Protein chains: 2
Amino acid sequence: MRGPSPPKTARENPLSSSARPSHPKVGITEVARHAGVSPGTVSNVLNRPERVASATRRRVEAAIAELDYVRNSSGSSLRSGRSSSVGLLVLDVTNPFFTEVSRGVEDEAVTQGLAVVLLNSAEARDRQRRNIRLLAEQRAAGAVVMPVDDDLSDLLWLRRQGTAWVALDRGDVGEDVGCSVSVDNLAGGLIAGRHLIGLGHEQVTFLAGPFSIEQVRQRHEGLRTAFAEAGMDPGGAVRVVERPLLNPEQGEQAVDAVLAGGPRQRPSAVLCANDQLALGLMKGLGRRGLRVPDDLSVMGYDDVDFADLIHPGLTTVAQPKYRLGRAAMRLLNSELDHPEHHVHERILFTPELVVRGSTAVHRTG
Amino acid sequence: MRGPSPPKTARENPLSSSARPSHPKVGITEVARHAGVSPGTVSNVLNRPERVASATRRRVEAAIAELDYVRNSSGSSLRSGRSSSVGLLVLDVTNPFFTEVSRGVEDEAVTQGLAVVLLNSAEARDRQRRNIRLLAEQRAAGAVVMPVDDDLSDLLWLRRQGTAWVALDRGDVGEDVGCSVSVDNLAGGLIAGRHLIGLGHEQVTFLAGPFSIEQVRQRHEGLRTAFAEAGMDPGGAVRVVERPLLNPEQGEQAVDAVLAGGPRQRPSAVLCANDQLALGLMKGLGRRGLRVPDDLSVMGYDDVDFADLIHPGLTTVAQPKYRLGRAAMRLLNSELDHPEHHVHERILFTPELVVRGSTAVHRTG
DNA sequence: CACCTGGGTTGAAACGTGTCAACGAAAACG
DNA sequence: CGTTTTCGTTGACACGTTTCAACCCAGGTG
């Protein structure tokens with residue numbers, strides 16, 4: 001695709017002005033010749049240094065340095081059948097929640113010398129599919145995946161291709177299918193609901209993302225449970241507004257729907273499926289001249305960085321984002337290291353309530 | 001590294017329960033046999049479909065579908081010397097500015113069938129170096145890079161290895177070195193300064209990131225120019241507070257330094273090098289009981305999503321983030337397509353002032 | 001001294017693909 | 001009808017690495 005110079009004419013590349021011209025083709029064999037050993041030995045120096053006598057090892061390392069050899073990972077993963085990079089398939093790079101998770105994944109991956117490639121599904125099924133295909137073509141060692149919906153068929157296909165994965169933030173994948181690490185969304189909805197009920201709210205709206213996402217469903221269910229638990233009828237007390245995506249724009253556009261309804265059903269508090277939605281909603285409310293929390297209490301979910309930075313601070317349900325990513329990658333590592341006697345595992349974190357300024361007691365009347 | 005099963009024993013993999021067992025090894029040759037053609041023809045179907053008769057093409061495509069063949073990109077890039085993925089080397093995945101840019105890059109890359117792998121420097125030189133090495137080992141086709149500082153030696157090395165790149169948001173790379181696309185930071189600082197001066201501010205603080213970053217230096221310079229232009233002494237009017245990183249935490253921690261100084265030098269407005277810094281600063285000010293913009297005007301830089309979502313809205317200098325990414329990738333594409341008669345190019349966008357609620361006229365007295 | 005042992009090293013054989021000269025057949029031409 | 005051109009297809013080879021049986025040799029054992 002690139003032909004660095006007119007094919008047959010091995011003309012000197014004008015770019016390599018500084019430093020040694022760095023012979024265009026330095027492979028393992030060239031290094032071997034230069035060090036007076038066989039290619040196999042060089043390979044050993046690279047991959048199992050302990051098996052080679054320290055004298056020759058030093059000689060090889062010197063040659064590597066002198067020739068400025070850089071390993072060709074295509075060759076290596078072609079021969080070994082697997083590449084040494086793992087995919088991180090994320091729902092939305094734009095969402096701070098995911099970027100935080102990715103930090104955890106990266107930190108854990110480097111300890112194993114694995115490279116992380118970050119891929120973005122943008123909450124779209126076909127993009128997820130494209131990315132999964134990409135991972136298969138690259139023969140990725142493994143992947144950490146946040147599935148876009150309940151249909152795991154593409155992921156099963158990926159595993160059949162020989163690429164292991166662990167599901168993140170999706171607790172409902174059976175343990176016969178794969179590992180998963182997630183946060184208890186039922187519990188999250190529950191503590192959110194209890195918090196609002198404790199403040200005297202009797203009519204709340206759940207501003208939801210698509211119900212095709214399991215997290216959304218469970219947070220909703222938890223919220224309803226809280227009301228049932230308090231002896232109130234969830235059917236009457238919690239209304240749902242569903243949006244197709246979980247971003248701020250959607251939150252802002254939802255204002256009308258949230259405020260709609262007769263004075264009787266008008267909510268005194270809103271629980272958003274997401275901090276992003278909450279942020280947009282608060283902006284929309286501000287536009288309408290409504291004050292948070294005086295006119296309406298607002299809760300988010302995730303506790304992303306900016307939840308603490310806006311005014312009023314966003315009351316929200318915190319998820320251990322960094323640890324989530326770390327745990328997922330650790331699980332993946334253990335599966336890669338011992339594929340034969342690996343049994344899928346499910347890790348469940350517990351969310352925590354973080355109270356800030358965006359929720360207040362319901363002033364009746 | 002992975003040994004799918006005890007070496008010699010080709011035992012049936014218990015995982016492939018559903019669907020066809022999908023013979024573990026389907027390569028281009030297997031497809032060829034199945035379609036009754038030569039491997040070369042299959043390769044042509046994959047890469048230059050127009051050169052193969054439609055009858056045989058259909059036959060091959062059927063075989064591909066039936067065998068569930070998935071191309072092995074290791075083999076392909078080993079043979080061709082280049083992989084078909086490009087790197088996007090970003091300063092900080094956490095910063096919404098970069099995620100927006102990445103969307104532009106991705107959208108443009110898919111039009112050329114290139115896969116984008118996102119790599120994170122975390123504003124750290126050694127991580128940038130690791131990532132550059134990774135790109136070299138993978139023989140990446142190219143890269144879009146936001147350099148962490150002025151030292152471009154690693155990037156020059158990368159190009160010597162045969163991987164082209166274009167610099168993003170770093171206008172000072174010479175056109176003898178590589179393409180670049182950036183936003184005019186001098187102009188940005190200038191319009192920011194004019195805005196503040198127009199509001200009557202005479203004493204402002206520039207809350208800066210590390211001055212090793214070119215953008216920071218230039219925005220500062222633009223700000224000073226605005227004052228000089230207005231007949232005021234920049235040396236007296238603009239004070240600088242420098243922070244080592246460009247994130248919200250740093251902004252919050254800078255409150256003391258910003259407010260420090262006798263009543264005479266106490267600023268009535270702050271220009272932040274970054275929206276992230278501005279956000280943190282505003283939070284810190286809130287903690288101190290100071291109101292924005294009543295007690296202090298605050299400006300950001302970038303116009304990330306949330307600048308419009310917080311209260312008060314953040315007055316800021318908008319950069320065309322998405323177009324930035326798109327332009328960079330387009331430049332890279334053109335270099336990859338015609339490496340021989342390519343001449344490096346420099347694209348400079350113009351920033352725009354976005355006035356929101358965080359700046360107000362200076363109430364003297 | 002003959003024999004074994006085992007750590008170091010070698011050489012050749014894959015891995016799956018792209019490329020390219022060569023070739024056959026059919027079509028266009030004189 | 002013979003000759004050239006065009007279009008499709010073929011095989012074999014090369015890319016850079018890992019792997020593995022074979023081998024060498026020094027040191028220990030009987």
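Protein chains get the first letters and strands the later ones, always in sequence-line order, with residue 1 at the start of each. Since we're looking at a predicted model, the values are computed, not measured.
Across A:Ser83, A:Ser73, A:Ser80, A:Ser77, a single residue satisfies side-chain hydrogen bond (donor to acceptor under 3.5 Å, both in side chains) together with B:Ser74, and that is A:Ser77. Checking each of A:Val86, A:Asn333, A:Leu332, A:Leu336 against A:Gln112 for a side-chain contact (heavy atoms from CB on, under 4.5 Å) leaves exactly one that passes, namely A:Asn333.
The stretch residues 46-62 of chain A comes close to DNA chain D through A:Asn47, A:Arg48, each having a heavy atom under 4.0 Å from the strand.
With distances taken from any side-chain atom of A:Asn44 to the nucleotides D:dC15, D:dT10, C:dT10, the minimum falls on C:dT10. Considering only side-chain atoms of A:Ser76, the nucleotide from C:dT10, D:dT17, C:dT17 that sits closest is D:dT17. Distances were taken from every side-chain heavy atom of B:Leu78 (C-beta onward) to each of C:dT17, C:dT10, D:dC15; the shortest belongs to D:dC15. Candidate nucleotides C:dT17, D:dT18, D:dT10 were compared by shortest atom distance to the side chain of B:Ile28, and C:dT17 ranks first.
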For residues 44-54 of chain A, tabulate all N or O donor-acceptor pairs below 3.5 Å that involve a side-chain atom, not counting sequence neighbours.
unit_1, atom_1, unit_2, atom_2, d
A:Asn47, ND2, A:Ser43, O, 3.2
A:Asn47, ND2, A:Ser43, OG, 3.4

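A salt bridge between A:Asp151 and A:Arg125 is present, with a side-chain N of the basic residue lying under 4.0 Å from a carboxylate O of the acidic one. In summary, A:Arg33 and A:Glu30 engage in a salt bridge, as defined by a charged side-chain N under 4.0 Å from a carboxylate O. Residues A:Arg130 and B:Glu106 are not paired through a salt bridge, judged by the lack of any N-O separation under 4.0 Å between the basic side chain and the carboxylate. Of the charged side-chain nitrogens involved, none lies within less than 4.0 Å of a carboxylate oxygen, so that B:Arg133 and B:Asp154 do not count as a salt-bridged pair.
For A:Ser43 and D:dT18, the shortest distance from a side-chain N or O to OP1 or OP2 is below 4.0 Å. Residue A:Ser38 has a polar side-chain atom (N or O) positioned under 4.0 Å from OP1 or OP2 of C:dT10. Neither OP1 nor OP2 of D:dT18 sits under 4.0 Å from any side-chain N or O of A:Ser80. Taking side-chain N and O atoms only, A:Thr41 has a distance below 4.0 Å to OP1 or OP2 of C:dT10.
At least one side-chain heavy atom of A:Val70 sits less than 4.5 Å from a side-chain heavy atom of B:Arg139.
If you take CG of A:Asn72 and P of D:dC15, they are 12 Å apart, rounded to a whole angstrom. We find that CG of A:Leu67 is positioned 14 Å from P of D:dG16, with the value rounded to whole Å. Across the protein-nucleic acid pair, B:Arg139 atom CZ and D:dG16 atom P stand 8 Å apart, rounded to whole Å. Between A:Gln138 atom CD and C:dT17 atom P there is a gap of 14 Å when expressed in whole angstrom units. Spacing between atom CZ of A:Arg82 and atom C1' of D:dT18 amounts to 16 Å, rounded to whole angstrom units. Separating the CZ atom of B:Arg33 from the P atom of D:dG11 is a distance of 13 Å, rounded to the nearest angstrom.
Side-chain atoms of B:Thr163 and B:Arg82 form a donor-acceptor pair, as typed in the model, at a separation below 3.5 Å.
Each of B:Gly36 and A:Gly27 has a nearest nucleotide on DNA chain D; the 5'-most of these lies closest to B:Gly36. Sequence order on DNA chain D of the closest nucleotides to B:Gly40 and A:Gly40 puts B:Gly40 first from the 5' end.
Below the 3.5 angstrom threshold, one finds no donor paired with an acceptor across the side chain of B:Arg79 and the base of C:dT17.
Comparing the helix axis at one end of the helix from C:dC1-D:dG30 to C:dG30-D:dC1 with that at the other, each defined from 5 consecutive pairs, gives an inter-axis angle of 40° (nearest 10°).
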